[in-house]
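Below you'll find the structure, written out as structure tokens, and then a few comments.
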Amino acid sequence: MSEVSVTKDAAPVATALVALSGVNKHFGALHVLQDIDLTISRGEVVVVIGPSGSGKSTLCRTVNRLETIDSGSITIDGKPLPQEGRELARLRADVGMVFQSFNLFAHKTVLENVMLGQIKVRKTDKKAAEEKARTLLDRVGVGAQADKYPAQLSGGQQQRVAIARALAMDPKVMLFDEPTSALDPEMINEVLEVMQQLARDGMTMVVVTHEMGFARSAANRVVFMADGRIVEEAEPEQFFNNPRSDRAKDFLSKILHH
Amino acid sequence: MNVLLDHLPQFREGFLGTLSITAASAALALVLGIVIAGFRVSPIPPLRAFGTAWVTLLRNTPLTLLFLIAFFVIPQIFFPGTSPFVLAMMALGCYTSSFVCEAVRSGINTVPLGQAEAARSLGMTFFQTLRLIVLPQATRSVIPPMSSIFIALTKNSAIAGAFSNTELFNVSKLLSDKGFAIGWIFLWIALCYLVITFAISGLFRLLENRLEVAR
């Protein structure tokens, strides 16, 4: 199946935070995820790259069950993903998600966006929630915008608020689904810097992106997907300088030469 | 002309009757309609089925038939001695709730899916997502159709007059039975209805302007 054999036992089971095994998913006739096996260890930063339609966003969304899977299993911190309901909601609170289109709550201020999950899901009291929200907003550099509505912010600012909103839940792992793809070029860096900082702080991250620079500098491991399969997994240095699969060579030759 | 001045107390009573039956039914329809809309978009199949059945059944039944059921079946079998006001409110409220439900559901569909996905990925339950994130943003697009639904409800409330409720239609019937000129009676009754329906459309226009959500 995969053109490169990956030593599955490389990561000890005890530190595996997210584990997908034999995951399959169809969208109608399209077999969008084909026998995906992927293990993400605690503190690891995994960057998923690949051509459009390769299934990388879908992969990211299956981890907190925004997409259901047809077969296989996904476990987070040793617990299999439950069915839709309270238990799944509890588990989702531990998995931060950042979307391509930000998805900040349009009818709430920036501060309320970051407080809402803490108050309604974690049952934190209002004062503590506000304090934490302000700290996080300062950390991502949008503290001054706390009382504005999302639509009043630039894309880069909105995405940084979205990161703060996810961090406010103290997630065990953060999923980034093409976090910079909807941004103007000059705003991409401000978001990537926040993500770099998170990676340095030891957050476990799964990042679907087209930013090869970020993959090179922040990733512990690059996962290359094409046509619903994981074609290659390698350290970034090795993947970018010396890809083993032809599909990856082809992909890299198309994107690295302008 | 004199029919109004001579029977001012009756007209006033009729006006207040129409107003109260409309307000009570509107409140019931609003609550039921939102709950049923929640059922119809919920991930739980039995709730969805119940919601669909509710809307299909009530929206497609003639209102008069619902009144007949409310007045001649329900008191006989379930709650003997229920007042005509409550029975009329139930018939009108349930009937209108099916229309409210569909208006609310169309409003829910205008809220981008990403809003609900973001709420769910924060760990909110389905009902938290609906109540805190989706419904508040759906409200604005629901208001124009809702205003039409409540105006229709105002006029539908006339049927309650035929079922021993004192309201405008009932008053006009009593007075025309007594032989007063029907033209003048109708004019005054029509004006009373216009006061209520204009008030509703004005109120909803105000709400619409207030609830603007920037995107």
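As the structure is a prediction and not an experimental result, all values here were calculated from the model. Here is how names work: the chains are called A, B, and so on, in the same order as the sequence lines, proteins then strands, and each is numbered from 1. The basis for the numbers below is simple: all heavy atoms, side chains too, and nothing from hydrogens, waters or symmetry mates.
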Discussion item. Tell me which of these, B:Gln128, B:Arg120, B:Met124, has more heavy-atom pairs under 4.5 Å with chain A than the rest.
Written reply: B:Arg120

Worksheet item: Quick one: of B:Thr125, B:Leu132, B:Ile133, who has the most non-hydrogen atom pairs under 4.5 Å with chain A?
Response: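 The residue among B:Thr125, B:Leu132, B:Ile133 with the greatest pair count is B:Ile133.
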
Worksheet item: Tell me, side chain or backbone of A:Phe105 under 4.5 Å from chain B's heavy atoms, or both, or neither?
Response: both

Fill in: Part of A:Arg122 lying under 4.5 Å from any heavy atom of chain B
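Interface part for A:Arg122: neither.
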
Please check if any side-chain donor atom of [X] sits under 3.5 Å from a side-chain acceptor atom of [Y], or the reverse.
{"X": "A:Asp147", "Y": "A:Thr109", "value": "no"}
{"X": "B:Trp54", "Y": "B:Ser97", "value": "yes"}
{"X": "A:Ser21", "Y": "A:Ser73", "value": "yes"}

Fill in: CZ (A:Phe27) with more than 12 external heavy atoms under 6.0 Å
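More than 12 heavy atoms, drawn from other residues, nucleotides or ligands, come within 6.0 Å of this atom.
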
Worksheet entry | A:Lys108 atom NZ: more than 12 heavy-atom contacts under 6.0 Å | yes

Response to the item:
Cut-off 4.5 Å, heavy atoms of chain A, and the answer for B:Glu117 is both

Practice prompt. Below 4.5 Å from any heavy atom of chain A, which atoms of B:Ala116 appear? Answer side chain, backbone, both or neither.
Written response: neither

Worksheet entry | Note: A:Glu130-A:Arg134 ion pair, threshold 4.0 Å (strictly below) |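 A salt bridge is present here (some side-chain N lies under 4.0 Å from a carboxylate O).
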
Worksheet item: Which one, A:Arg86, A:Arg65, A:Arg165, A:Arg90, leads in non-hydrogen pairs under 4.5 Å with chain B?
Response: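 Max contact count across the listed options: A:Arg165.
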
